[in-house]
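Comments concern the structure below.
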Amino acid sequence: MGETTEKTGAESTAFSNFIWDIIDEDLRTGRFDHVHTRFPPEPNGCLHIGHAKAICIDYGTAERYDGLYNLRFDDTNPVKEEVEFVEAIKEDIRWLGFDWGEREYYASDYFEQLYQFAVQLIEKGKAYVCDLSPEEVREYRGTLTEPGRNSPYRDRSVEENLDLFRRMRAGEFPDESRTLRAKIDMASPNINMRDPVMYRILHAEHHRTGDEWCIYPMYDWAHGQSDSIEGITHSLCSLEYEIHRPLYDWFLDELEIYHPRQIEFARLNLNYTVMSKRLLLRLVNEGHVRGWDDPRMPTLSGLRRRGYTPESIRTFCDEIGVAKADSVVDIAMLEHCIRDDLNQRAPRVMGVLRPLRVVIDNYPEGQVEDLEAVNHPLDPGMGTRTIPFSRVIYIERGDFCEDPPRKFYRLAPGREVRLRYAYFITCVDVVKDESGEVVELHCTYDPATRGGDAPDGRKVKGTLHWVSAAHAVTAEVRLYDRLFTQENPLDVPEGEDFTAFLNPKSLQVLTACQVEPGLADAAVGSRYQFERQGYFCVDPDSSAGKLVFNETVPLRDTWSKILKKQQKNK
RNA sequence: UGGGGCGUGGCCAAGCGGUAAGGCAACGGACUUUGAAUCCGUGUAUCGGGGGUUCGAAUCCCUCCGCCCCAGCCA
């Protein structure tokens, strides 16, 4: 992002993190003379914003040091992984703005090499075929406080192990009947070192290798060697792998192959949402959301559909920083990033979400005026447009109050306000239905205030957005709120489930919204600021004649704070 | 409980022995044809607690406390 390593002192301080400190040191001491990273997703689900953080760290670090980065799918478990996810993941990463070029790899590319590595370990007497059942393996492993016991198959001869392992590969044994295990130390205080499984038998079809294999490497056995094969210098990963590092070191050292340096950082947590593929999958499968790309989901596809820009997500990832402390980032930080980005780039339009009909009594029947409006008050380069004005318009229901509270400076009986880019109007009458609900307003306008300025210099406090009733386009607008009502949805009472905290009002659909006519042909994905309301994005559900908008994020709303304070003081 | 990590204002997070950056949030005010944006301003931070070393410690040592992770033939 325009950052170079030649920064001023202030900038380089602001952008430092402990990973870069380590890499600086590695480069200085000559441990490495370049930087090559990788992002290693498992294709078993969609990427979420937590992955975006990891990608920005992995790829951003490589960019910072003018190095390379790989994309490698950790596809070592055929029963969980699907091609659809590899495609979705690639799309998400590209959308985020990263290009891995030709360096797209798969752990499955290394299956044969990994097999040969395993044979090497067997030959060194460092791995053995174990016939213990899954339950027995668990029993033999011991507990956190008690050491494990050696497997009775631990001392098989090299020849027997070689033969058995070959036959495992040949498909002679059923699933779960045997495993290949590393011979390390069943008494290690680090449970990962208690003869971990390297291969398991899985008669399952793999999305890339088909039925070529019926034994598959465990992640722990595949990961470090994959990094080594690819010449990764800095293997950046999340904290939970820290305790696996001794195992990765052991494998690499026993194999005597190139040794990357692993550095662990804390994964991203956001309040009011969940960030695990398993839970996200449940939300999808149980129908709590409409899919992985539901705009309420923290998935990249969801955020994209919601209207988030890739730039805003990358800025967010930069701003939250990188550290080793577990933390929960306030969703307000993310919202700030998208507002900041959209404020600069989104053209402004007017759209009335909850229309209230207003008749301007003294405006000539049948007359239509084209009024000029700027597309972006901060960027004249974005040009202007015209908006039709006529005798009957719609304003926002919330912009009228019959008995206004203090400091309410919108429309009320007898009050004058400005219609943006149009005229000053004064409310002269309120029409209600039998139930007492306001259904229509009558106003008068001041012809001298065309464009929104009064020649006599009189001021109005309020400016309202509006739309001409005869010209407006009807649209559906989907308003979103946080998916969960509780900051930490996982902090559930006994017997409860995180779904208990699902926010019933996370989606609100408004079907009778009226937007300015220029929006009729808005392209799917285009983003706008509906003035005084928020940022909206055209949803793919839109079709010719049917516009659907997603609310990306509302504008900050000082008035609602004032109101809340007033009510509290009562 | 064994092991591995982590604890800096409400939330992130700099800091690496010389006397606590920045962002978000919050709260004032200015400005305003978006109650937006923008601009100004506002925090006594027990640097998890307690000892110690030092002229001087968030930074070094000791100790205690709290939180997270590991007992998948998941990744």
Side-chain angles (χ1 to χ4, degrees), chain A residues 10 13-17 21 40-42 44 74 76-77 79-81 130 132-134 137-138 141-148 175-181 188-194 196-202 215-216 218-220 222-223 238-246 264 266 268 271 277-278 318-337 339-340 343-344 348 350 373-374 377-378 407-410 418-422 424 449 451-453 459-465 529-534 554-562:
Chain A
T13 302
F15 283 87
S16 84
N17 66 50
D21 289 346
E42 183 192 14
N44 69 339
D74 268 330
T76 54
N77 187 350
V79 314
K80 284 192 174 180
E81 296 146 7
C130 179
L132 253 24
S133 70
V137 168
R138 195 185 324 123
R141 188 157 33 223
T143 67
L144 293 178
T145 50
E146 305 155 25
D175 289 4
E176 300 194 335
S177 59
R178 289 174 218 268
T179 56
L180 182 74
R181 295 226 260 163
S188 172
N190 181 347
I191 292 184
N192 296 291
M193 300 298 269
R194 318 239 266 227
V197 172
M198 294 163 62
Y199 277 94
R200 72 287 216 185
I201 300 173
L202 239 37
I215 57 172
Y216 289 93
M218 296 290 289
Y219 172 87
D220 277 350
H223 193 77
S238 46
L239 253 27
E240 65 265 34
Y241 294 106
E242 198 153 19
I243 196 149
H244 293 244
R245 196 171 62 213
E264 309 83 7
L268 169 67
N271 57 13
K277 282 194 217 170
R278 190 177 65 81
D318 282 347
E319 291 190 355
I320 56 175
V322 189
K324 294 195 71 156
D326 289 311
S327 60
V328 182
V329 175
D330 194 331
I331 191 93
M333 186 86 95
L334 215 209
E335 293 178 340
H336 161 260
C337 291
R339 281 196 189 102
D340 189 52
N343 177 44
Q344 295 171 58
R348 266 103 250 233
M350 292 198 283
V374 304
L378 306 162
K407 288 187 180 171
F408 181 89
Y409 46 86
R410 276 112 101 140
R418 170 170 40 234
L419 293 178
R420 178 139 236 228
Y421 300 125
F424 286 11
T449 57
D453 279 311
K459 302 279 184 208
V460 287
K461 252 324 208 165
T463 299
L464 273 39
H465 60 278
Q529 183 196 94
F530 285 8
E531 292 211 35
R532 303 208 307 132
Q533 308 205 90
L555 251 27
R556 296 188 58 179
D557 184 2
T558 305
W559 169 238
S560 72
K561 286 181 191 168
I562 294 171

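Every chain is numbered from 1, with letters handed out A, B, ... down the list of sequences. Worth saying up front: this structure is predicted, and the values here are computed from it rather than measured.
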If we take the P atom in both rC16(B) and rA75(B), what is their distance in whole Å? 41 Å
Each nucleotide N or O in nucleotides 71-75 of chain B that has a protein N or O under 3.5 Å away: list the pair and distance.
{"from": "rA71(B)", "atom 1": "O3'", "to": "R141(A)", "atom 2": "NH2", "distance (Å)": "3.4"}
{"from": "rA71(B)", "atom 1": "O2'", "to": "R141(A)", "atom 2": "NE", "distance (Å)": "3.2"}
{"from": "rG72(B)", "atom 1": "OP2", "to": "R141(A)", "atom 2": "NH2", "distance (Å)": "3.0"}
{"from": "rC73(B)", "atom 1": "OP1", "to": "R141(A)", "atom 2": "NH2", "distance (Å)": "3.4"}
{"from": "rC73(B)", "atom 1": "OP2", "to": "R141(A)", "atom 2": "NH1", "distance (Å)": "3.0"}
{"from": "rC73(B)", "atom 1": "N3", "to": "E176(A)", "atom 2": "O", "distance (Å)": "3.4"}
{"from": "rC73(B)", "atom 1": "N4", "to": "L132(A)", "atom 2": "O", "distance (Å)": "2.6"}
{"from": "rC73(B)", "atom 1": "N4", "to": "P134(A)", "atom 2": "N", "distance (Å)": "3.2"}
{"from": "rC73(B)", "atom 1": "N4", "to": "E176(A)", "atom 2": "O", "distance (Å)": "3.0"}
{"from": "rC74(B)", "atom 1": "OP2", "to": "R200(A)", "atom 2": "NE", "distance (Å)": "3.3"}
{"from": "rC74(B)", "atom 1": "OP2", "to": "R200(A)", "atom 2": "NH2", "distance (Å)": "3.1"}
{"from": "rC74(B)", "atom 1": "O3'", "to": "N77(A)", "atom 2": "ND2", "distance (Å)": "3.4"}
{"from": "rC74(B)", "atom 1": "O3'", "to": "R200(A)", "atom 2": "NH2", "distance (Å)": "3.2"}
{"from": "rC74(B)", "atom 1": "O2'", "to": "N77(A)", "atom 2": "ND2", "distance (Å)": "3.2"}
{"from": "rC74(B)", "atom 1": "O2'", "to": "K80(A)", "atom 2": "NZ", "distance (Å)": "3.2"}
{"from": "rA75(B)", "atom 1": "OP1", "to": "T76(A)", "atom 2": "OG1", "distance (Å)": "2.8"}
{"from": "rA75(B)", "atom 1": "OP1", "to": "R200(A)", "atom 2": "NH1", "distance (Å)": "3.3"}
{"from": "rA75(B)", "atom 1": "OP1", "to": "R200(A)", "atom 2": "NH2", "distance (Å)": "2.8"}
{"from": "rA75(B)", "atom 1": "OP2", "to": "Y219(A)", "atom 2": "N", "distance (Å)": "2.9"}
{"from": "rA75(B)", "atom 1": "N6", "to": "H244(A)", "atom 2": "NE2", "distance (Å)": "3.4"}
{"from": "rA75(B)", "atom 1": "N3", "to": "Y241(A)", "atom 2": "OH", "distance (Å)": "2.6"}

Say you pick atom C1' in rA45(B) and the same atom in rC11(B); how far apart are they, in whole Å? 14 Å
With heavy atoms under 4.0 Å as the rule, sort T558(A) into base, sugar-phosphate or nothing. sugar-phosphate
Using whole Å, report how far CZ of R410(A) lies from P of rU34(B). 13 Å
Set of ring-ring contact (aromatic ring centres under 6.0 Å, His included) partners for F408(A), sequence neighbours left out: W559(A)
Atom C1', compared across rA58(B) and rA20(B): separation rounded to whole Å: 8 Å
Nearest-0.5 Å distance, CG of residue D175(A) to CG of residue L202(A): 5.5 Å
Look only at the side chain of T143(A) and the backbone of E146(A), and say whether a donor-acceptor pair between them is shorter than 3.5 Å. yes
M193(A) CE to rG4(B) C1', straight-line distance once rounded to whole Å: 13 Å
Could you please spell out the steps behind the side-chain contact (heavy atoms from CB on, under 4.5 Å) verdict for R418(A) and L464(A)? CA-CA 6 Å; R418(A) 170 170 40 234; L464(A) 273 39; over 6 Å; no
Given atom CZ of R348(A) and atom P of rA37(B), what is their separation to the nearest angstrom? 11 Å
Summary of protein contacts for nucleotides 6-11 of chain B, nucleotide by nucleotide, where a base hit scores B, a sugar-phosphate-only hit scores S (4.0 Å, heavy atoms): SS---S
Identify whether any heavy atom of F530(A) sits under 4.0 Å from a base atom; if not, whether one sits that close to sugar-phosphate; answer base, sugar-phosphate or nothing. nothing
Going by the salt bridge (Lys or Arg N to Asp or Glu O under 4.0 Å) test, which pairs reach into residues 323-335 of chain A, not counting sequence neighbours? E242(A)-K324(A), E264(A)-K324(A)
Which part of the nucleic acid, if any, lies within reach of F424(A) when heavy atoms closer than 4.0 Å are counted: base, sugar-phosphate only, or nothing? nothing
Classify the nucleic acid contact of D21(A) as base, sugar-phosphate or nothing, counting any heavy atom under 4.0 Å across all strands shown. base
How far, in whole Å, is rU32(B) from rU42(B) if one measures between their C1' atoms? 23 Å
Glycosidic conformation of rG72(B), taking syn as within 90° of 0 and anti otherwise: syn
So which nucleotide from rG35(B), rG2(B), rA37(B) ends up closest to the side chain of R556(A)? rA37(B)
Between atom NE2 in H336(A) and atom P in rG23(B), what is the gap in whole Å? 10 Å
N343(A) atom CG is separated from rG35(B) atom P, nearest whole Å, by 14 Å
Starting at atom NZ of K561(A), determine the distance to atom C1' of rC27(B), rounded to an integer number of angstrom. 9 Å
What heavy-atom pair brings R194(A) and S188(A) nearest, and what distance separates the two atoms? NH1-O, 2.5 Å
Can you tell me if R200(A) and T179(A) form a side-chain donor-acceptor pair at under 3.5 Å? no
P spacing across the pair rU59(B) / rU19(B), given as an integer number of angstrom: 15 Å
What class does the angle between the rings of Y219(A) and Y241(A) fall in, given that below 30° is parallel, 30 to 60° is tilted and above 60° is perpendicular? tilted
Run the side-chain contact (heavy atoms from CB on, under 4.5 Å) check on L555(A) and Q533(A) step by step: do they pass? CA-CA 6 Å; L555(A) 251 27; Q533(A) 308 205 90; 5.6 Å; no
Taking N17(A) for its side chain and V322(A) for its backbone only, find out whether a donor-acceptor pair lies under 3.5 Å. no
Indicate yes or no for a side-chain donor-acceptor contact from N190(A) to the backbone of P246(A) under 3.5 Å, with no hydrogens or angles considered. no
Convert the base pairs of RNA chain B into dot-bracket notation, remembering that pairs crossing earlier ones are written with [ ] and that bases paired across to another strand are shown as |; include only Watson-Crick or G-U pairs under 3.5 Å. .(((((((.[[[..)..(...]]].(((((.......))))).....[[[[[..)....]]]]])))))).....
When rounded to whole Å, the CD to P distance for the pair Q533(A) and rA36(B) reads 14 Å
For rU34(B), take OP1 and OP2 only and decide whether either is under 4.0 Å from a side-chain N or O of H465(A). no
Reckon R532(A) has a side-chain N or O less than 4.0 Å from the OP1 or OP2 of rG35(B)? yes
Which part of the nucleic acid does P246(A) contact within heavy-atom distance under 4.0 Å: base, sugar-phosphate only, or nothing? nothing
Taking the same atom, C1', in rU46(B) and in rA57(B), what whole-Å distance lies between them? 15 Å
What distance, rounded to whole Å, do you find between the two P atoms, one in rG5(B) and one in rC40(B)? 45 Å
Please report the distance, rounded to the nearest Å, between CG in L239(A) and P in rG4(B). 15 Å
Sticking with atom P, work out how far rC61(B) lies from rU53(B), rounded to a whole angstrom. 15 Å
Donor-acceptor contact present, side-chain R420(A) to main-chain A373(A), <3.5 Å: no
E42(A) and D74(A): which non-hydrogen atoms are nearest, and at how many Å? CG-O, 3.5 Å
Check whether any side-chain nitrogen or oxygen of S16(A) sits under 4.0 Å from OP1 or OP2 of rG15(B), and answer yes or no. yes
My understanding is that only residues two or more places apart in sequence, or in another chain, count here; which of them pass ring-ring contact (aromatic ring centres under 6.0 Å, His included) with F530(A)? F536(A), F549(A)
Quick check on RNA chain B: between V322(A) and Q529(A), whose nearest nucleotide comes earlier from the 5' end? V322(A)
Assign each of P189(A) and R420(A) to its nearest nucleotide of RNA chain B by heavy atoms, then name whichever residue's nucleotide is nearer the 5' end. P189(A)
